[in-house]
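First the proteins, then the strands, lettered A, B, ... as listed; each starts at 1. Treat the numbers as computed from the prediction; the structure is a model and nothing was measured.
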Amino acid sequence: MSLSNDDRYALYHYMRLSRAIEDGAWALAGQGRMVGRLYTGHGQEAIPVGCATALAADDVMAPMYRDMGAHLVRGMEPWEIFAQYMGKRGSSNAGKDSGLHMGDMKRGIIGMISVLPDSLPVAVGVALAFRLRDEARVAMTFFGEGSTSTGAWHEAVNMAAVLDVPLVMICENNGWALSTPAEREFRGATIAERASAYGIAGARVDGNDVEAVHRTAREAVERARSGGGPTLIECVTMRMRGHSIIDPAEYVPPEQLAAWAVRDPIDRLRERLVADGLWDDGREAAMLAEHKGIVDAAIDRAAAMEDPHPQDVYEGVFASDGQTTDTATSDGSTTTGAGA
Amino acid sequence: MSLSNDDRYALYHYMRLSRAIEDGAWALAGQGRMVGRLYTGHGQEAIPVGCATALAADDVMAPMYRDMGAHLVRGMEPWEIFAQYMGKRGSSNAGKDSGLHMGDMKRGIIGMISVLPDSLPVAVGVALAFRLRDEARVAMTFFGEGSTSTGAWHEAVNMAAVLDVPLVMICENNGWALSTPAEREFRGATIAERASAYGIAGARVDGNDVEAVHRTAREAVERARSGGGPTLIECVTMRMRGHSIIDPAEYVPPEQLAAWAVRDPIDRLRERLVADGLWDDGREAAMLAEHKGIVDAAIDRAAAMEDPHPQDVYEGVFASDGQTTDTATSDGSTTTGAGA
Amino acid sequence: MSHVISYLEAIREAMRQAMRDDERVFLIGEDIATYGGVYKVTDGFLDEFGPRRVIDTPIAENAIIGAATGAALVGMRPIAEIQFADFIASGFDPLVNMTSTIHYRWGQPVPLVVRAPAGATWASAGPFHSQSPEAWFAQVPGLKVVMPATPADAKGLLTAAIRDPNPVIFLEQKYLYRRLKGEVPEGEHVVPLGVARIARAGTDATVIAYGTMAHKAELAAQLLADEDDIAIEVVDLRTIVPWDRAAVLASVAKTGRALVVYEAHRTAGFGAEICATIAEEAFAQLDAPVGRLAGLDTPVPAHPAMEAEYLPDEHKIAAALRELVAF
Amino acid sequence: MSHVISYLEAIREAMRQAMRDDERVFLIGEDIATYGGVYKVTDGFLDEFGPRRVIDTPIAENAIIGAATGAALVGMRPIAEIQFADFIASGFDPLVNMTSTIHYRWGQPVPLVVRAPAGATWASAGPFHSQSPEAWFAQVPGLKVVMPATPADAKGLLTAAIRDPNPVIFLEQKYLYRRLKGEVPEGEHVVPLGVARIARAGTDATVIAYGTMAHKAELAAQLLADEDDIAIEVVDLRTIVPWDRAAVLASVAKTGRALVVYEAHRTAGFGAEICATIAEEAFAQLDAPVGRLAGLDTPVPAHPAMEAEYLPDEHKIAAALRELVAF
Ligand SMILES: Cc1ncc(C[n+]2csc(CCOP(=O)(O)OP(=O)(O)O)c2C)c(N)n1
Ligand SMILES: Cc1ncc(C[n+]2csc(CCOP(=O)(O)OP(=O)(O)O)c2C)c(N)n1
Ligand SMILES: [Mg+2]
Ligand SMILES: [Mg+2]
């Protein structure tokens with residue numbers, strides 16, 4: 001499972017672009033142009049990117065609100081993300097919900113909700129359906145370490161274990177759940193060690209090493225695909241900004257931030273690429289420029305889109321008959337935008 | 001922590017009396033004289049008896065529906081139990097609820113509800129209050145292995161661990177949750193091994209050996225009382241009857257029942273007492289006769305009690321002001337019967 | 001072709017036919033496979049459909065509902081059983097926050113049925129095996145709520161629920177399971193959601209009810225016909241969400257008098273919604289205030305003497321109707 | 001002695017005084033200690049009262065409510081904070097099944113307050129940070145439900161809630177937190193649960209509301225006084241359970257016209273209970289059908305254009321009142 005140069009470039013690209021988009025969104029929010037609040041994955045980019053790249057096209061993933069990179073890997077376009085952030089009529093949630101709560105079954109993305117970690121039991125069901133239909137498909141889902149304190153988390157992990165479904169569960173242990181440090185969320189030393197108590201495979205990996213994350217995820221995905229059941233992966237990282245854009249996070253010790261700043265996942269991969277003779281300042285500058293262009297164009301395109309109409313609020317509470325997912329094939333479903 | 005002869009007699013007495021009461025209730029139910037359904041702890045008597053005897057008088061316990069012996073240890077009188085079973089006006093639940101859902105703060109008993117395992121988070125709060133008030137008191141609670149699959153279970157165990165409260169959690173692993181065998185409730189080898197993942201003490205004990213159960217519980221109670229935090233104890237036993245009186249339990253392999261029949265906790269303690277020269281047929285006959293007398297008298301006394309009046313239904317939805325628990329002392333509360 | 005079967009058998013028949021017709025349909029819940037469910041509704045299903053389509057789970061209402069939702073999102077048509085409606089509270093969050101909002105938020109249908117035995121038994125099932133939680137779900141946009149009152153409707157509405165592209169809470173009336181038998185069409189039988197049943201035509205007053213109480217209302221109407229020569233119209237809503245306002249208003253326009261009956265706690269029960277709607281929409285047609293008869297604002301007590309006091313029944317309904325007609 | 005403080009400061013003041021007066025009172029919830037709560041309601045409490053009385057928990061709504069219940073049973077008076085009312089769904093079961101029934105079942109009081117910021121913000125908080133779940137709890141016997149509309153009431157009702165021997169759901173209106181300031185008595189201030197406030201006297205019609213909508217109703221009444229010379233009486237319920245039927249009926253008897261306004265989803269919202277009660281009890285006094293204005297039967301949408309369409313406000317209330325008065 002060694003990574004090709006192209007694989008490594010892709011990992012780098014997705015992480016960098018994630019950050020560029022989130023930086024763009026941060027500025028946008030500062031200008032009061034966002035609908036809803038901004039939560040970012042600054043410093044954690046290696047996890048969604050490293051994991052989502054381990055999936056096949058017809059696998060399904062249920063990301064959380066910091067997983068920008070996972071959306072990009074699954075083919076979400078930057079302008080779609082900004083359209084969502086601005087609550088545009090033609091966006092994924094059509095202005096009805098906000099943030100990275102974007103669902104799109106064509107791309108195998110389950111849209112999350114705010115209640116934590118409600119995508120996890122849903123992902124168990126996705127994986128269960130794959131198993132029941134004998135499809136060699138895998139589901140993957142992401143959650144923070146704080147979310148492991150919830151009952152929903154336990155019920156889902158335990159059910160995944162008992163029903164032996166092809167599911168990869170990614171814990172992004174970024175040290176904090178809002179203002180609560182990990183040691184006040186749980187008393188065990190790690191999340192990964194819980195795996196054996198559930199009777200499933202577990203792993204703990206440096207969440208700021210995208211290649212290590214990717215390898216670990218790939219192993220888990222292969223295990224799941226070949227009937228080996230679920231895996232719980234703990235990716236150890238650090239939340240480098242406040243919980244959301246309005247949180248100055250004064251409760252985080254500056255030393256902790258400093259210690260992690262030097263472990264930035266983007267810098268680390270770049271340094272390796274440079275060391276391997278695969279990257280240089282020229283390429284870096286070109287990528288930054290390219291990404292800036294992408295983000296600027298995306299913002300412009302999204303900004304030009306139509307805003308929701310007040311009357312849109314009445315549409316879509318219920319699906320209508322014709323609209324049903326009438327296929328149990330591997331592409332699963334036809335999707336209708338919430339605004340349709 | 002060796003057991004005195006009197007201690008051992010007491011363990012034997014409580015187990016035997018539990019069974020006598022449950023046998024009496026079984027007959028009563030057959031006569032259609034019970035309100036609500038009967039669930040018994042046949043074959044599991046060592047657990048509630050061995051554990052409840054490890055508590056001090058001002059400790060608090062939250063039992064489950066099979067824990068007859070725990071109620072007896074805490075001073076519940078057999079006639080009170082039959083009054084409850086018959087839904088009498090002067091019973092603990094005054095006919096409003098049924099079965100072993102009897103609460104009585106004077107005796108430190110939290111009344112359970114049907115939803116599993118809702119007493120567990122409540123017991124966490126009891127233990128938390130003890131810690132906050134610096135009282136050297138302990139809370140203990142009981143649940144089946146099936147109940148460990150629930151979100152409530154996980155949230156409570158995790159919170160007990162993080163808040164480091166003086167709580168002893170007793171899992172009665174009797175192999176079955178209604179028709180579901182333990183291996184379809186969880187995939188880990190044991191419940192006890194979860195303890196370390198939660199960062200707390202754990203133990204696994206032969207649940208049909210009342211002395212072993214008692215010693216294990218006592219250790220945990222002492223640990224909790226001296227500030228050592230919560231313990232999760234798994235008592236391995238077998239449900240020797242159906243889930244409730246109406247369940248013929250045809251799904252249980254006869255071999256499994258046969259294998260456990262020879263490990264009956266009452267027989268085992270008696271054999272040991274006999275071997276130690278502390279018990280003989282005469283004593284046994286006397287105790288059986290005494291218990292029969294207790295049960296017969298209890299049934300008669302309960303049967304003679306008044307039935308609830310239809311209008312009682314309107315009483316007690318809300319507590320009234322005067323009735324408040326206005327003390328934070330170690331005896332905690334004044335209790336008003338539900339029927340009052 | 002029809003046959004006479006019980007309410008419970010009608011439910012079984014709907015599920016069996018759906019599972020035979022559509023391989024996407026599967027069952028998930030506690031003790032539904034080997035045991036056939038606590039009320040034996042799925043008895044025999046494991047043998048016929050095998051362990052992939054009749055799945056026993058751990059005790060985990062949240063995960064059952066969440067997992068059923070996930071399976072629905074990728075093309076399955078799960079039927080989740082919650083052992084007792086009372087325990088839906090343990091899986092409340094996914095239903096009201098996740099499952100119900102998916103289509104609204106991102107346009108994906110969630111074809112899912114959550115079945116649960118609901119209501120009291122008149123047999124001391126007590127506070128945690130007797131609840132009627134329909135009002136909670138009626139307050140949540142995106143969930144449909146069904147409460148059949150007859151065997152034929154149990155079959156027809158469950159078939160419609162399984163085919164519906166939305167999450168449907170199907171509250172089976174455990175009191176009726178074995179007690180109520182009736183003619184049920186043998187083959188395919190679909191009763192559309194949202195269309196009330198005029199259970200009995202009448203001119204003097206309208207009773208609006210659903211589930212067990214629709215059954216009791218029919219008994220009460222018969223009592224009044226027999227004893228008082230009063231002609232009561234009984235409107236059985238069948239479904240709470242959506243509910244058939246037109247049928248209710250048409251009946252009230254005809255009779256000028258309405259009594260709403262439900263078994264759940266009176267305060268903030270779904271019947272309040274019906275009363276409020278009638279009061280607003282049929283103001284000019286009403287010859288008497290809209291009456292309400294419901295379960296008490298207390299937990300459902302175990303002892304039969306109190307349980308009977310708690311529950312509306314045909315005699316209480318008849319008494320309320322006599323008063324209403326005399327107004 | 002009184003001072004002018006915000007709705008949020010009033011809540012803080014009630015809690016601070018209760019904690020100073022009664023050592024049994026303590027706070028438990030997520031991010032309430034170091035962080036002072038997501039809305040900073042408990043800012044400074046950790047410093048004043050220390051970590052034993054201001055307890056940060058893991059993310060575990062079920063265990064928070066369960067544990068608070070247990071502490072209440074042994075003589076404490078916990079105040080549990082649920083970070084957003086929407087997340088009460090994750091701790092729904094203990095509230096509706098365990099906590100609410102203890103006193104009924106075995107006579108032990110459960111003096112417990114569950115505080116939660118509720119309602120929409122008119123600022124795009126979206127479907128999971130905007131809900132008004134009061135109807136769920138009104139349907140559950142044994143829970144009291146409070147929704148204050150003014151700073152003075154926020155303080156006085158919270159003080160009463162903390163002293164009440166029953167579990168009380170205290171739904172703070174996050175829209176009002178910093179927006180609404182008012183005179184609040186400085187020392188002890190208790191507003192009894194179950195007594196409505198006549199926020200404004202009038203003769204032409206009655207608006208019944210609570211929480212943010214009571215505030216909006218006052219604004220609407222002012223609009224109608226200014227622009228139309230219509231005298232609206234505004235009844236602010238303050239508490240949903242118990243609710244002050246007498247005050248509502250007295251006002252309706254006086255004006256003959258009633259409009260019920262609430263922010264929650266219209267169908268099966270608590271307002272339906274008020275409408276149903278008025279329709280039944282004040283039938284003879286009504287000159288017009290009881291009107292209802294509520295949130296839509298949709299999730300609360302994020303985008304401001306749709307959120308504004310979703311929410312009742314003073315203009316919509318005024319329009320509905322004009323129609324009502326003209327009936
Ligand atoms: C059930 C529930 N309770 C509370 C919240 C409020 N909340 C939002 S994010 C958050 C912290 C989450 O921490 P973690 O899971 O570690 O994810 P992170 O934000 O660190 O990525 C909390 C408590 C919620 N969304 N859901
Ligand atoms: C939350 C919840 N779901 C389902 C049930 C129905 N139920 C009652 S007892 C039981 C099995 C419990 O098994 P276990 O915890 O092992 O206890 P045991 O009966 O074996 O002593 C179930 C599923 C319940 N009471 N609560
Ligand atoms: Mg975190
Ligand atoms: Mg068991």
Side-chain angles (χ1 to χ4, degrees), chain C residues 61-62 86-97 100-101 104-105 126-128 131 133-142 240-241 243 260 264-284 286 288-292 296-299 301-302 327, chain D residues 61-62 86-97 100-101 104-105 126-128 131 133-142 240-241 243 260 264-284 286 288-292 296-299 301-302 327:
Chain C
E61 285 74 15
N62 189 314
D86 314 64
F87 306 150
I88 286 188
S90 300
F92 198 67
D93 164 62
L95 263 182
V96 306
N97 281 319
S100 64
T101 66
Y104 191 70
R105 298 185 309 110
F128 310 108
Q131 296 174 51
E134 69 274 10
W136 290 341
F137 301 112
Q139 166 71 173
V140 179
I240 305 308
V241 181
W243 68 283
V260 176
H265 313 297
R266 176 184 172 101
T267 297
F270 186 76
E273 175 65 32
I274 307 170
C275 293
T277 302
I278 295 172
E280 186 167 8
E281 310 269 323
F283 183 70
L286 284 175
V290 184
R292 214 170 9 145
L296 301 179
D297 286 325
T298 73
F327 183 89
Chain D
E61 285 73 15
N62 189 313
D86 314 65
F87 305 150
I88 286 187
S90 301
F92 198 68
D93 165 63
L95 263 181
V96 307
N97 281 319
S100 63
T101 66
Y104 191 70
R105 295 185 310 111
F128 311 108
Q131 296 174 50
E134 69 274 10
W136 291 339
F137 301 113
Q139 165 71 176
V140 179
I240 304 309
V241 181
W243 69 283
V260 176
H265 313 297
R266 177 184 172 100
T267 296
F270 186 75
E273 175 65 32
I274 306 170
C275 292
T277 302
I278 296 172
E280 185 167 9
E281 311 270 321
F283 184 69
L286 285 174
V290 183
R292 211 167 16 142
L296 302 178
D297 286 323
T298 74
F327 183 90

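Ring pair D:Phe137/D:Phe92 is tilted by interplanar angle, where 30° to 60° counts as tilted.
For chain D, no part of C:Ile88 is nearby; none of its heavy atoms comes within less than 4.5 Å. If you measure heavy-atom distances from D:Ala282 to chain C, you find no contacts under 4.5 Å at all. Of the atoms belonging to D:Gln131, it is side-chain heavy atoms, and not backbone ones, that fall under 4.5 Å from chain C. Proximity to chain C (any heavy atom under 4.5 Å) is shown, for D:Ile274, by neither the backbone nor the side chain. C:Ala284 does not touch chain D: none of its heavy atoms, backbone or side chain, sits under 4.5 Å away. Contact of C:Val290 with chain D is made through the backbone alone, with heavy-atom distances under 4.5 Å.
Between D:Ile240 and D:Glu273 the shortest side-chain heavy-atom distance does not fall below 4.5 Å. Looking at D:Asp93 and C:Phe87, their side chains never come closer than 4.5 Å, going by heavy atoms from C-beta outward. A 4.5 Å side-chain heavy-atom check between D:Val260 and D:Ile278 finds at least one atom pair inside the cut-off.
No donor-acceptor distance shorter than 3.5 angstrom exists from the side chain of C:Gln139 to the backbone of D:Pro133, with no hydrogens or angles considered.
Heavy-atom pairs under 4.5 Å with chain C were tallied for D:Pro94, D:Ser100, D:Ala272; the largest tally goes to D:Ala272. With respect to chain D, the highest number of heavy-atom pairs below 4.5 Å among C:Glu61, C:Arg266, C:Arg292, C:Glu134 belongs to C:Arg292.
With ring centers used as reference points, D:Phe283 lies 6.0 Å or more from C:Phe283.
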